[in-house]
2 protein chains.
Amino acid sequence: MVNQLKNIFLFSHMSEEELSHLASIVKLRSFNNGETLFYEGTPSDKLYILLDGVLKGYKTDMKENEIVLHYFYPVSLVAEMANLHHIPFPATAEFQTDGSILEVDYHTFERDFLKNPTVSFGLIKSLTQKLKYLEDIITTRLALDATSRVAKFLYENGDISDSTKRHKIATILGLTPETLSRSFKKIKILGLISDEGKNFTILNREGLKELFS
Amino acid sequence: MVNQLKNIFLFSHMSEEELSHLASIVKLRSFNNGETLFYEGTPSDKLYILLDGVLKGYKTDMKENEIVLHYFYPVSLVAEMANLHHIPFPATAEFQTDGSILEVDYHTFERDFLKNPTVSFGLIKSLTQKLKYLEDIITTRLALDATSRVAKFLYENGDISDSTKRHKIATILGLTPETLSRSFKKIKILGLISDEGKNFTILNREGLKELFS
DNA sequence: TTAAAAATTTGATTTATATCAATGAAGCTG
DNA sequence: CAGCTTCATTGATATAAATCAAATTTTTAA
């Protein structure tokens, strides 16, 4: 366990002694695809560090639609904001693949480790990264219309390959698959992308940018 | 200046020596109502601390509508996320009253002060507070419909007095004044609020909660 | 290889809220 | 306190995207 901890950016500078103390308040848990790590509104006393797999963070709206906030990839801190403010988790986290997390008792962690500059610096980085994600969601979902969102997605993510399901793109952008399809069509008619079978190739990246800025 | 700095939570634990070094990289600036502190997209090399007045942070959508992210009240750090990640300001900041800010050269600040635990802890607090604001905007604006948003606003802000302009409430909630008016009416018909002239009194707070959760 | 299931596209309709337009009420100013 | 201006309400219409429905394409699996 100590060796595993040492490989996590947040703890890489700790002494052997600190690491073994940390190991004592940490639990490794495995999850299957589809399992839920925590639900929105649940009180939080654990800090989670995603070690393996893909984790989807989402809220649910009034019509039971998912609002996807973020896909987490390893190694990420998850929902540290809830811990720092002692508030319930603001979103639900569900595994999209098999995976594993490190579960840390937050109370002890705060008391014994948060004063460590490396740890607090890692925390600041993680928090600012999350702020950027949320800023981006607000920009995308509140300031742009459907076609602009799709143009932004294409601009930022490059050619769309076969393997990326339209349905997944639609939920990331907060659109229905029907609307996504119609937006792709518009952008194709504008000559900004071309459509070879299932894949899209970007023909005019600057033109795409024009659509959302 | 040193005495002024000592009153700011972030710097309250600094030594006289540190404070006078800080004072040397800091500039006090005054603004009039309506003036803009910075624009969305501008590169950021200054950290701002709001000392007086009310500052509105907002983005602009495709139809030139404002999306209000937050009203800042003193004493607040402003847009520290942009500095930490060396990215342009993600929103525009405009004074809503006369006010003043402390302008800190970020590069020097990071080098000389960010390792100070009190400073980094203050930064973490400020960042998590902002995350909560953004989470709340997403919950409110993406997951709730117009009437639910108004119910949530009433639940969280209590009775609405005369002095709060409907127009301002509407921009906070991302609604037009017309839609806000119609939502107030619905909630009134449900018997959850009563309407004496210009003011609203809450009659059934739990009923309001029911509407948005 | 073919049938069944899933995903995508296309068209028609609905819905929520914005926009446009008009009226009414409140607040301010000379 | 009369008239102007701003703010709020109400009604009618427009609009973007969701929903519903069906057809088509792709993927999966037998």
Side-chain angles (χ1 to χ4, degrees), chain A residues 33-34 60-68 96 137 140-154 160-190 193-200 211-212, chain B residues 33-34 60-68 96 137 140-154 159-190 193-201 211-212:
Chain A
N33 186 351
T60 306
D61 75 6
M62 311 191 68
K63 295 170 185 167
E64 303 294 298
N65 296 317
E66 283 180 9
I67 301 167
V68 176
Q96 299 301 104
I137 288 172
T140 305
R141 309 271 270 259
L142 293 177
L144 301 181
D145 64 22
T147 305
S148 312
R149 282 184 228 176
V150 177
K152 179 167 182 277
F153 182 87
L154 288 165
I160 302 300
S161 81
D162 207 358
S163 58
T164 318
K165 287 277 170 289
R166 297 296 150 86
H167 177 257
K168 189 180 171 186
I169 299 175
T171 57
I172 290 172
L173 295 176
L175 299 171
T176 58
E178 293 95 324
T179 302
L180 178 67
S181 172
R182 289 184 249 261
S183 293
F184 272 136
K185 201 175 167 186
K186 272 189 205 169
I187 293 171
K188 207 160 63 190
I189 290 171
L190 287 169
I193 56 177
S194 82
D195 164 89
E196 290 134 17
K198 204 92 274 245
N199 302 22
F200 282 129
L211 288 188
F212 66 89
Chain B
N33 186 352
T60 306
D61 76 6
M62 309 190 71
K63 295 171 184 165
E64 302 293 300
N65 296 318
E66 284 180 8
I67 301 168
V68 176
Q96 300 301 104
I137 289 172
T140 306
R141 309 271 270 257
L142 293 177
L144 301 182
D145 65 21
T147 305
S148 312
R149 282 184 227 176
V150 177
K152 180 167 181 277
F153 182 87
L154 288 164
D159 297 347
I160 303 300
S161 80
D162 207 0
S163 58
T164 318
K165 289 276 171 289
R166 298 294 151 88
H167 177 257
K168 189 180 171 186
I169 298 175
T171 57
I172 290 172
L173 295 176
L175 299 170
T176 58
E178 293 95 325
T179 302
L180 178 67
S181 171
R182 289 185 249 260
S183 292
F184 272 136
K185 201 176 167 184
K186 272 190 206 170
I187 294 170
K188 208 160 61 190
I189 290 170
L190 287 169
I193 55 176
S194 81
D195 163 90
E196 291 135 19
K198 206 91 273 248
N199 302 22
F200 282 131
T201 310
L211 288 187
F212 65 88

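Order of the sequence lines sets the chain letters (A, B, ...), proteins ahead of strands, with each chain counted from 1.
Scored by the side chain to side chain donor-acceptor pair (under 3.5 Å) test, B:Thr179 finds B:Thr176 as partners (sequence neighbours excluded). Every residue two or more places apart in sequence or in another chain was checked for a side chain to side chain donor-acceptor pair (under 3.5 Å) with A:Thr171, and none qualifies. In terms of the side-chain contact (heavy atoms from CB on, under 4.5 Å) criterion, A:Ser181 has no residue partners (sequence neighbours excluded). Scored by the ring pair (Phe, Tyr, Trp, His ring centres under 6.0 Å) test, A:Phe153 finds no partners at all (sequence neighbours excluded). With sequence neighbours left out, the side chain to side chain donor-acceptor pair (under 3.5 Å) criterion links B:Asn33 to no other residue. Applying the salt bridge (Lys or Arg N to Asp or Glu O under 4.0 Å) test to B:Lys186 and every residue at least two apart in sequence or in another chain returns nothing. For A:Glu66, the side chain to side chain donor-acceptor pair (under 3.5 Å) criterion is met by A:Lys56, not counting sequence neighbours. In this structure, B:Lys185 has no salt bridge (Lys or Arg N to Asp or Glu O under 4.0 Å) partners at least two apart in sequence or on a different chain.
To the nearest angstrom, P of C:dG27 lies 18 Å from NE2 of B:His167. Residue B:Lys63 contributes atom NZ, which lies 9 Å from atom C1' of C:dT19 at whole-angstrom precision. Between B:Asp195 atom CG and D:dA8 atom P there is a gap of 13 Å when expressed in whole angstrom units. For the pair A:Asp61 CG and D:dT19 C1', the computed distance is 14 Å after rounding to whole Å. The distance between atom CZ of A:Phe200 and atom P of C:dT8, rounded to the nearest whole Å, is 10 Å. Between the CG atom of A:Asn65 and the C1' atom of D:dA17 there is a distance of 12 Å, rounded to whole Å. With rounding to whole Å, A:Lys165 atom NZ is found 18 Å from C:dA5 atom P. The CG atom of A:Leu175 sits 17 Å away from the C1' atom of C:dA7 (whole-angstrom rounding).
Taking every heavy atom of residues 177-188 of chain A and every atom of DNA chain C, pairs under 4.0 Å involve A:Glu178, A:Ser181, A:Arg182, A:Lys185, by number. Near DNA chain D, meaning a heavy atom under 4.0 Å away, there are no residues from residues 140-154 of chain B.
Distances shorter than 4.0 Å separate some side-chain N or O of A:Arg166 from OP1 or OP2 on C:dT9.
Checked by atom type and distance alone, the side chain of B:Ser148 pairs as donor or acceptor with a backbone atom of B:Leu211 at under 3.5 Å.
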A:Leu142 and B:Asp61: side-chain contact (heavy atoms from CB on, under 4.5 Å), yes or no, with the steps? CA-CA 7 Å; A:Leu142 293 177; B:Asp61 76 6; over 6 Å; no

Show your reasoning for whether side-chain contact (heavy atoms from CB on, under 4.5 Å) applies to A:Ile67 and A:Ile137. CA-CA 10 Å; A:Ile67 301 167; A:Ile137 288 172; 5.8 Å; no

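Terminal axes of the helix from C:dT1-D:dA30 to C:dG30-D:dC1 (five pairs each, C1' rotation axis) are separated by 40°, to the nearest 10°.
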